[in-house]
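These notes are about the structure you will find just below.
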Amino acid sequence: MAKYRKKPVVIEAWQNDGSTMPDWVANACNGGDVIEGNGPLFIPTLEGVMEAKPGDWIICGVKGEVYPCKPDIFAATYEPA
């Protein structure tokens with residue numbers, strides 16, 4: 001078995017913390033259940049609709065895909081660029 005390291009990439013991310021939602025998050029939600037404030041967001045992904053609860057991070061990946069990420073996984077995977 002070989003070992004691999006994840007390539008360093010720079011992504012855009014926003015935490016669902018009640019702050020102003022970036023346009024790319026609102027666009028990804030297609031005007032569905034997007035509520036400004038401190039509520040859950042529902043994001044269509046290739047795996048189906050995923051819920052981003054308050055405190056979760058919303059990530060825009062290297063191919064423009066948008067998906068939620070739990071805070072502990074985000075902290076273990078990403079650092080400020």
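Each residue takes its place number in the sequence, starting with 1. Note that the structure is a prediction, hence the values are computed from the model and not measured.
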(request) Considering non-hydrogen atoms only, spot the tightest contact between W14 and T20 and give its length. (result) NE1-O, 3.4 Å
(request) Write down the atom of N16, the atom of L41, and the distance for their closest heavy-atom approach. (result) ND2-CG, 3.9 Å
(message) Is there a path of hydrophobic side-chain contacts, each under 4.5 Å between heavy atoms of I/L/V/M/F/W/Y residues, joining F42 to Y67?
(response) no
Give the table of side-chain donor-acceptor pairs shorter than 3.5 Å for residues 74-81, with sequence neighbours excluded, one pair per line with atom names and distance.
residue, atom, partner, partner atom, Å
T77, OG1, I73, O, 2.7

Below 3.5 Å, can you tabulate the donor-acceptor pairs from side chains in residues 3-12 to any protein atom, sequence neighbours excluded?
residue, atom, partner, partner atom, Å
E12, OE1, W24, NE1, 3.3

Under 3.5 Å, which donor-acceptor pairs link side chains of residues 49-64 to any protein atom two or more places apart or in another chain?
residue, atom, partner, partner atom, Å
D56, OD1, K70, NZ, 3.4
D56, OD2, K53, N, 2.9
D56, OD2, K70, NZ, 3.0

